[in-house]
Amino acid sequence: MNNPLFYAKILLFGEYGIIEDSQGLTLPYSFYKGSLKFSDLSTEFEKKSNESLKKYSDYLLNLDVPNGFEINVEDFQKDIAKGLFFESTIPQGYGVGSSGALVAAIFEKYSVEKFPAELISKDQLKSLKVVFGILESYFHGKSSGIDPLICYMNLPILIENKESVDKVSIPAEHIGKGAIFLIDSGSVGETGPMVQIFFEKMKTEGFRKTMKEEFIRYNNACIDAFLKKEMTPFFKNLKSLSVWAYEHFKPMIPESIYKIWKKGLDTNAYYLKLCGSGGGGYILGFTKDYAKAEKMLKGFDKEVIYRF
Ligand SMILES: Nc1ncnc2c1ncn2[C@@H]1O[C@H](COP(=O)(O)OP(=O)(O)O)[C@@H](O)[C@H]1O
Ligand SMILES: C[C@@](O)(CCOP(=O)(O)O)CC(=O)O
């Protein structure tokens, strides 16, 4: 039996801001994917994945989920005993949603009631986000639920505020000189501790003020300009966002990336920002001239995710 594929995701804008009610924009990233499968668990990966599903299923057994969104944990555990695992190329701890894809896959297969993605209303999206938040919190503490949601829907999602999300269409790709790309920082990051650092910073009034008045303003302006394809205000706000993060999100920027982050700001050849919670994993880059940025970033592993 073939199970559906679930893709990685990229939170293009909104990291940390969405905790504080900013907008966010997230896209499926089909380069990496995962699917639930059965095997004889002969490889290390399969064995480890199966064991991790077993632990997760024990957590689900005692979990209260809102009415109408129950999961058939008994069937899930029977399948785990028969060799179920999550075959996935999505790197773990890289900010591209490996646990989100897993949660979406499990919900799709084992939810008692079925919710075909193409029939989901805006109200149902809201409820599903809450359910997915509860299901995913096992993996890294409090979760907004947005990762499993985007993965489940397999569509770009605009986070309008804390409560409200909607499907959104992003401008069609066009093979020009510009690009959005990922840079591999070379190390794994962990969402939990990074979010903790953020909340520590939020205890300071000065940080709260600049977060609200500057970060969120640049973040929302980037989303707005990107969706309207207005590249001049887009890059202006991206630069402000990148400068702001260089000053205020230092602990979230992997050390291997500091120098090139600053180089982008000094030369205006490209701008970097966090991709999810940071601390490791991928960093996002934006440039009007990828050929030039690529040369300046020699030695770093990069993947282009969108051309314009
Ligand atoms: N293929 C897989 N099989 C089983 N569990 C997985 C798999 N991929 C991810 N996970 C679970 O998701 C966790 C990683 O999630 P998380 O720390 O939120 O990072 P990410 O940013 O990649 O989502 C892993 O520790 C593991 O428990
Ligand atoms: C940092 C945060 O705002 C974005 C999620 O980060 P990540 O994609 O799980 O690394 C946390 C959250 O809102 O759940």
Side-chain angles (χ1 to χ4, degrees), residues 3 5-27 29 32-37 39 41 43-59 76 80 83-106 129 132-151 157 159 161-162 165 182 185 187-199 201-202 211 215-216 219 245 249 251-252 254 273-284:
N3 284 324
L5 284 171
F6 290 87
Y7 297 116
K9 66 89 222 246
I10 288 171
L11 182 63
L12 209 52
F13 292 103
E15 67 285 357
Y16 299 104
I18 54 175
I19 305 179
E20 289 302 312
D21 227 14
S22 80
Q23 292 180 12
L25 181 63
T26 168
L27 318 174
Y29 181 43
Y32 295 122
K33 42 191 165 287
S35 175
L36 287 167
K37 291 220 166 119
S39 84
L41 307 181
T43 72
E44 255 331 286
F45 180 88
E46 293 168 3
K47 226 185 291 170
K48 217 173 138 211
S49 172
N50 177 268
E51 277 161 17
S52 143
L53 293 189
K54 173 88 193 58
K55 283 194 202 129
Y56 184 51
S57 73
D58 290 336
Y59 164 82
F76 183 35
I80 292 169
L84 187 76
F85 76 108
F86 190 54
E87 184 173 75
S88 167
T89 56
I90 309 172
Q92 298 181 23
Y94 256 65
V96 286
S98 70
S99 57
L102 176 61
V103 168
I106 293 170
K129 181 169 173 283
F132 283 144
I134 299 170
L135 296 177
E136 206 200 14
S137 60
Y138 168 82
F139 296 101
H140 53 233
K142 194 176 170 333
S143 154
S144 59
I146 197 71
D147 282 11
L149 184 69
I150 176 159
C151 194
I157 298 274
I159 302 146
N161 53 51
K162 252 188 200 166
V165 290
L182 297 173
S185 70
S187 62
V188 168
E190 266 189 280
T191 305
M194 291 296 125
V195 172
Q196 226 171 331
I197 293 175
F198 173 73
F199 280 123
K201 281 176 166 280
M202 283 297 282
M211 182 74 199
F215 179 84
I216 292 184
N219 173 76
F249 280 164
M252 290 82 160
K273 71 175 284 297
L274 297 179
C275 175
S277 53
Y282 287 118
I283 294 295
L284 270 163

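On a predicted model such as this, the values are computed, not experimentally measured, just so you know. Counting convention: from 1, in listed order, for ligands and their atoms alike.
Residue His140 has at least one nitrogen or oxygen atom sitting less than 3.5 Å from a nitrogen or oxygen atom of ligand 1, judged on distance alone. Between Ser88 and ligand 1, no pair of N/O atoms sits closer than 3.5 Å. Geometrically, ligand 2 and Lys9 share a nitrogen or oxygen pair separated by less than 3.5 Å. Between Ser143 and ligand 2, a contact under 3.5 Å exists for no N or O pair. Residue Phe86 has at least one nitrogen or oxygen atom sitting less than 3.5 Å from a nitrogen or oxygen atom of ligand 1, judged on distance alone.
The existence of a salt bridge linking Lys37 and Glu46 is excluded, since no basic side-chain nitrogen approaches an acidic carboxylate oxygen closer than 4.0 Å. Remark: Glu51 does not engage Lys48 in a salt bridge, criterion side-chain N to carboxylate O under 4.0 Å.
Rounding to the nearest 0.5 Å gives a distance of 11.0 Å between CZ of Phe215 and CD of Glu20. Once rounded to the nearest 0.5 Å, the distance linking OG of Ser144 with NZ of Lys162 reads 11.0 Å.
From the protein, the heavy atom lying nearest to atom 11 (C) of ligand 1 is Phe139 CE2, 3.6 Å. Of all protein heavy atoms, the one lying nearest to atom 14 (C) of ligand 1 is Ser98 OG, 3.6 Å. Summary of contacts: the protein heavy atom closest to atom 3 (N) of ligand 1 is Ser49 OG, 2.7 Å. Of all protein heavy atoms, the one closest to atom 25 (O) of ligand 1 is Gln92 OE1, 3.8 Å. Of the protein's non-hydrogen atoms, the one nearest atom 16 (P) of ligand 1 is Ser99 OG, 3.7 Å. Nearest to atom 14 (O) of ligand 2 among the protein's heavy atoms is Ser144 OG, 3.5 Å. Closest protein heavy atom to atom 5 (N) of ligand 1: Ser52 OG, 3.0 Å.
Tyr94 has its ring centre no less than 6.0 Å from the ring centre of Tyr32.
The contact set between ligand 2 and Ile18, taken as ligand atoms under 4.0 Å from a residue heavy atom, comprises 3 (O), 13 (O). Applying the 4.0 Å criterion to heavy atoms of Phe45 picks out, from ligand 1, the atoms 1 (N). Taking every non-hydrogen atom of Gly93 and a distance limit under 4.0 Å, the qualifying atoms of ligand 1 come out as 19 (O), 20 (P), 22 (O). Near Pro91, with a cut-off below 4.0 Å to any heavy atom, the atoms of ligand 1 are 22 (O). Of all atoms in ligand 2, listed by their number and element, those nearer than 4.0 Å to a heavy atom of Tyr16 are 1 (C), 2 (C), 3 (O). Atoms of ligand 2 lying under 4.0 Å from any heavy atom of Thr191, numbered from 1 in the order shown and given with element: 9 (O), 10 (O). Annotation for ligand 1: atoms under 4.0 Å from non-hydrogen atoms of Gly97 are 23 (O). Below 4.0 Å from some heavy atom of Gly95 lie the following atoms of ligand 1, by number and element: 21 (O).
Among Val96, Leu102, Val188, the residue whose heavy atom sits closest to atom 6 (C) of ligand 1 is Leu102.
Within the structure, ligand 2 lacks Met194 among the residues with a heavy atom less than 4.0 angstrom away.
For the side chain to side chain contact (heavy atoms under 4.5 Å, CB included) test with Ile18, the passing option among Ile159, Leu25, Asn161, Val165 is Ile159; the others fail.
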